There are 2 protein chains.
Amino acid sequence: MPLPPQVTDLSSLDLLLSVARLGSIGQAAAEHRISQPAASARLRHLERRLGLTLLHRTPRGSTLTPTGALIADWARTVVDAADSFAAAVQALRVTKESRLTVAASQTVAEYLLPAWLVALRVRQPDLAVTLQAANSADVAARLLADRADLGFVEGPDLPGGLDADTVATDRLTVVVAPSHRWARRRRGITPAELAAAPLVAREAGSGTRRALESALRERGVGEFAAPVLELSSTTAIKHAVGAGSGPAVLSSLAVSTELAAGALVAVPVDGLDLRRRLRAVWPAGRQLTGPARDLHSIARRHG
Amino acid sequence: MPLPPQVTDLSSLDLLLSVARLGSIGQAAAEHRISQPAASARLRHLERRLGLTLLHRTPRGSTLTPTGALIADWARTVVDAADSFAAAVQALRVTKESRLTVAASQTVAEYLLPAWLVALRVRQPDLAVTLQAANSADVAARLLADRADLGFVEGPDLPGGLDADTVATDRLTVVVAPSHRWARRRRGITPAELAAAPLVAREAGSGTRRALESALRERGVGEFAAPVLELSSTTAIKHAVGAGSGPAVLSSLAVSTELAAGALVAVPVDGLDLRRRLRAVWPAGRQLTGPARDLHSIARRHG
DNA sequence: CCGAGCCATAACCTCTGCCTATGCCTCTGC
DNA sequence: GCAGAGGCATAGGCAGAGGTTATGGCTCGG
């Protein structure tokens, strides 16, 4: 199920947003460093591809039609996502002259860092950042070997030799489809019920899964039902849960949108603390300086 | 600030996701209806553009490298956003033979309908849907004139002649930057405080703003401070709030991600009910049938 | 009434990306 | 062992999308 060809070219959408902001095709063209006719043609093609009139073109500027404004709202979502993606990818490039190297664990790397890097880029456009995704032990090792300037870890155990500061919190959340019987319960479920339920899960070895099992063990539950389904992406899990395949346990960061819209329902678990601190870490005793301090403060503010 | 050229081509990312799922470049190529060499070249170009090795290519298939898996996770976000965009845009095309015409108010059209339409498309790929964005009165008029099959309205007042069913709830939410003094208060603020605060707002006439003022008037507050800043997009407002320009009042659907990550903080308002029901509506007495019923049930389940 | 700003059209060109054809490699099954 | 299937890479040829410059027409303000 490939993407329809109408949306594979983000530059047109980006151009449309520029026109919306600047009020003229020519100025938008300049911002994108293409000629005015090229911009005009691109927008015309966009209109033809979508089958919609997006712009009022007049001899003294161009404004969005009502339809165009709605399209622009939607487009902003896509372009923003692409922008975060770009910032994150940029940081994965191994640049020898990077002035900032970051090591981050899964949840932070997947959900939070892209946005932080966008914010960092606003403040320091030319800063080269390197990102290394790793588990907590690796993060610590890299920091202590001076192969990273700043790290982010999730979970309770803090590797030795590091100073830490909590920058965000997530919470493992039990989610079910609105039609699931758990969605209708007044009170939460018990840890034993959760452990006995066949979940939709990621492949074994994921940090989320380990964290869940450790929290349950703390409450004296040591036996877990086998997963009913193992999938490789969070998106696939969400879809499976929504389709009624069973409950799943995911980071609150992964499901916030679905919860707000009601596509999934969160089920509380009595007496089980599923919160996890997401912490910035750095070699003990050292003061963060320069870009590392900036990123830390962005993370703190954003999270 | 145009998008970097590395991410303007979503088809490469989409192709990468297919490879991740199917395990071979050739099969992914088939899914996208291009030749195997074309797919291979496209992926190679993607790797070169990003400066990263994403795939392990072997004579019996291709698998993602760890880096590739991380990239794929990020890419999924972008591609999903594009997919929703595409479904929504598709519905804006005025198709004479559409078998389903929907009229929706702002919040629903902007935040919820794209996802619902994706779900609807899964069930009925060939269904032609037309979407008309309108205010409540317009939605009602269109339904009664038989120019729409199903409508969605927000807010308390239900136009006459319609049957309705609540499918989702949103809540106008006061948000501030984490550094704002309201973020540190134990108890909520009072309606009078909110009314006296200069907000970051959308241009006058927005439904959100009207809803806020009407809720405040109900509580006996009739004077409102002038906005400190008026912006044209929700994204711009969120950025301004995060940068400390002041509080804003936005739909919970617009800020769920930022709240979960802590980038923005919600401030409760004592005794002010800012919930809004989002309702499906249709001509009174009529039974929903066919695709209209399907969309209604999707909306109900998703919201 | 003239000049500035904006958009459209036209003619030309470049270069990206696709396709077909083919070859090599690896694993499987006989 | 060996043959065949499936997978990826390379090569050559081609089409078209999208860019550029040059120019013209429209509208508004001074």
Side-chain angles (χ1 to χ4, degrees), chain A residues 2-65 67-68 72 75 79 82, chain B residues 2-65 67-68 72 75 79 82:
Chain A
L3 220 46
Q6 302 158 353
V7 294
T8 55
D9 176 32
L10 286 192
S11 52
S12 303
L13 297 183
D14 199 19
L15 188 60
L16 180 69
L17 295 182
S18 292
V19 174
R21 182 158 40 84
L22 300 172
S24 106
I25 295 180
Q27 286 180 38
E31 194 173 57
H32 287 243
R33 303 178 200 267
I34 60 178
S35 68
Q36 171 265 319
S40 183
R42 216 142 88 172
L43 291 166
R44 199 173 288 292
H45 280 145
L46 178 64
E47 289 183 304
R48 233 162 32 92
R49 270 206 308 275
L50 302 186
L52 298 167
T53 303
L54 305 176
L55 292 174
H56 261 135
R57 296 143 184 259
T58 80
R60 54 178 221 285
S62 298
T63 58
L64 295 185
T65 62
T67 296
V79 171
Chain B
L3 220 45
Q6 301 157 353
V7 295
T8 55
D9 176 32
L10 286 192
S11 52
S12 303
L13 298 183
D14 199 19
L15 187 59
L16 179 69
L17 295 182
S18 292
V19 174
R21 183 159 38 83
L22 300 173
S24 107
I25 296 181
Q27 286 180 39
E31 194 173 57
H32 288 243
R33 302 177 200 264
I34 60 178
S35 69
Q36 171 265 318
S40 184
R42 217 142 87 172
L43 291 166
R44 199 172 289 290
H45 281 147
L46 178 66
E47 289 182 305
R48 236 166 27 96
R49 271 206 307 276
L50 303 185
L52 297 168
T53 303
L54 306 177
L55 292 174
H56 261 135
R57 296 142 184 258
T58 79
R60 52 179 222 285
S62 299
T63 59
L64 295 186
T65 62
T67 297
V79 171

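All of these numbers come straight from a predicted model, not from anything done at the bench.
Applying the Watson-Crick and G-U wobble criteria (two distances, each under 3.5 Å), C:dC30 pairs with D:dG1.
Protein atom CD of A:Q27 is 14 Å distant from nucleotide atom C1' of C:dA4, rounded to whole Å. Between the C1' atom of C:dC19 and the CZ atom of B:R33 lies a distance of 17 Å, rounded to the nearest Å. For A:L54 and C:dC7, the CG to P distance is 15 Å, given to the nearest whole Å. As a whole-Å value, the separation of B:H56 NE2 from C:dC25 C1' is 17 Å. In this structure, the CG atom of B:D9 is 14 Å from the C1' atom of D:dG18, given to the nearest Å. As a whole-Å value, the separation of B:R57 CZ from C:dT26 P is 17 Å.
B:S24 comes within 4.0 angstrom of sugar-phosphate atoms only, judged by non-hydrogen atoms across all strands, and of no base. A:Q36 comes within 4.0 angstrom of a nucleotide base, judged by non-hydrogen atoms across all strands.
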Check the interface with nucleotides 27-30 of chain C: list each N/O to N/O pair with the protein under 3.5 Å, or write none.
unit_1: C:dC27; atom_1: OP1; unit_2: B:R60; atom_2: NH1; d: 3.4

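The side-chain heavy atoms of A:L55 and A:L64, taken from C-beta on, include a pair separated by under 4.5 Å. The side-chain heavy atoms of B:T53 and B:T67, taken from C-beta on, include no pair separated by under 4.5 Å. With a 4.5 Å cut-off on side-chain heavy atoms, B:H32 and B:S11 do not count as touching. Taking 4.5 Å as the limit, some side-chain heavy atom of B:L43 sits within range of a side-chain heavy atom of B:L15. Contact of the A:H45 side chain with the A:S12 side chain is not registered, since no non-hydrogen atoms from C-beta on lie closer than 4.5 Å. Side-chain contact between B:L13 and B:L46: present, with at least one pair of heavy atoms (C-beta onward) separated by less than 4.5 Å. Taking the side chain as every heavy atom from C-beta outward, A:T8 and B:D14 never approach each other to under 4.5 Å.
Not one side-chain nitrogen or oxygen of A:S35 sits closer than 4.0 Å to the OP1 or OP2 atom of D:dG19. Regarding contacts with the backbone of D:dG7, every side-chain N or O of B:T58 stays at 4.0 angstrom or more from both OP1 and OP2.
Both A:P59 and A:I34 lie near DNA chain D, and the one whose nearest nucleotide falls closer to the 5' end is A:I34.
For the pair B:S24 (side chain) and B:S62 (backbone), a donor-acceptor distance under 3.5 Å is absent.
Within residues 37-47 of chain A, the residues having any heavy atom closer than 4.0 Å to DNA chain C are, in order of number, A:P37, A:S40, A:R44.
The two atoms that bring A:L10 and B:V7 nearest to each other are CD1-O, 3.7 Å, heavy atoms only.
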